[in-house]
Amino acid sequence: MSDTNHIRQPERSTAPFRSLSVAIERASTVVFDDLDSFEQRGANLYDGFSYGLYGTPTSRVLEDHIAELEGGTRALLTPSGLSAIVVATMACAVAGDRVLLPDSVYGPAKDMALGILAPLGVEVCIYNPLVGGGIGEILTDQTRLVWVESPGSLSFEAQDVPAIVRAAHARGIRVAADNTWASHLFFRPLEHGVDISMQALSKHASGHGDLLLGSVAVRDVELFRRLKDVARLMGYGVSPDDCALCERGLKTMPVRMRHSAMTAATLIEWLKAQPSVAQILHPAQPGHPGHDIWKRDFSGAPGVFGIVFKHFPRDFQAAALAQLKVFRIGASWGGVQSLVAPSVPRKGRSFSNGIVDGPYWRMSIGLEDCSDLINDLSLALSVFDQVNGSPAANAFGGSAE
Ligand SMILES: *Cc1c(COP(=O)(O)O)cnc(C)c1O
């Protein structure tokens, strides 16, 4: 048997075969039958296939699915949520242009804009997420793109997206939304006039904390082509295996999200009665400053929220977290596993976000039994209760961070 025989695989059977799942077709190389079709492959860039980096039948199925769910005409996949933010921003702005990001935007997006785009000559302006229609006052002739993220990362400010869209569109400026928290299930940016709806599919859509993917969905096909050009020329491609896993995740996404939202609502009621809890950050809570906007624009809320605790020394935070057996400590969210991410929602912020001083945990509620989650948290919080009730707490004083 020659080496060549080992390379050439048998022809695929032409017998009819259809499974319920999306076919995983892996490729860097895409093969063509003749010189003509090879030389013409550039014509396949947006709607067909020419090279694995530019898409496979597997990634196209997921793109078409996201486009449909977002109410757009086309969607583009990128290797992560953050790369989707890079692609959307770079598709709209070049050197000399101005881009606006809310103070509450996903932290690495702010770091990317200030650390990568600003040195390349894009003017980056960080604005108060609560500005609403008042954003008109900071739009200039150079402004090309306004990002919104509602509610904001860690601090959960709800933004008046329709008012921001009206002000931006009045000056011909595009609006992009990072809709990772709500997903298309609970908020549909394109229906509110947003031009680019972005999601980190790594979160709710994939749903198991084991893959990275991002998406941008648009109504305008010309804009889609521009996004695709930026993505391919930056060398962003996606794995068909990840796309198939994400497509599988989409099928259970509504059931998972509704279930974890219900558990989160029960958990929040319990948390509000705990003496160590100072603040719950979740726009679905009556009394949250963005509650009315949330009620007007959203059809639901996922089980992702923040807890601010009353002061206690840092040592006790480690001791409290060490009690957790059901919750795990980790970043990201939207998966079946409940997570706690101790964070600092005031860090790097230019505008006051109304969050009281104190240790902060960002919670993502998964699919475990609610009673197990409450038991787990009550063990952790009993550590705080001890310290807050003891004279030692006052001796240490101050924030844990
Ligand atoms: C996680 C997240 C991202 C980035 O997604 P990755 O796939 O982890 O790069 C972007 N925006 C928001 C709001 C996120 O929560």
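Just follow the structure's listing: the first ligand is 1, and inside any ligand the first atom is 1.
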Could you go through residues 111-124 and list every donor-acceptor pair under 3.5 Å that involves a side-chain atom there, pairing it with any protein atom two or more places apart or in another chain?
residue, atom, partner, partner atom, Å
E123, OE2, R98, NE, 3.0

### Sequence neighbours excluded, every pair satisfying ring-ring contact (aromatic ring centres under 6.0 Å, His included) that has a member inside residues 21-50
F32-F38
#### Entry: Residue pairs fulfilling salt bridge (charged side-chain N to carboxylate O under 4.0 Å, His left out) with at least one residue in residues 70-89, sequence neighbours excluded
D47-R74
### Query
Can you tell me if H208 uses its side chain to pair, donor with acceptor, with the backbone of G335 under 3.5 Å?
no
### Message
Could you walk me through whether D369 and S371 satisfy the side chain to side chain donor-acceptor pair (under 3.5 Å) test, starting with their C-alpha distance in whole Å, then the side-chain angles of each, then the deciding distance to 0.1 Å, before giving a yes or no?
### Response
CA-CA 5 Å; D369 287 320; S371 55; 5.3 Å; no
Protein N/O near ligand 1 N/O, under 3.5 Å, which pairs?
residue, atom, partner, partner atom, Å
ligand 1, 7 (O), G81, N, 2.7
ligand 1, 7 (O), S202, OG, 2.5
ligand 1, 9 (O), G81, N, 3.1
ligand 1, 9 (O), L82, N, 2.9
ligand 1, 11 (N), D178, OD2, 2.6
ligand 1, 15 (O), K203, NZ, 2.6

### Task
Let me see the working for S150 and W181 under side chain to side chain donor-acceptor pair (under 3.5 Å), right down to the final yes or no.
CA-CA 8 Å; S150 183; W181 181 82; over 6 Å; no
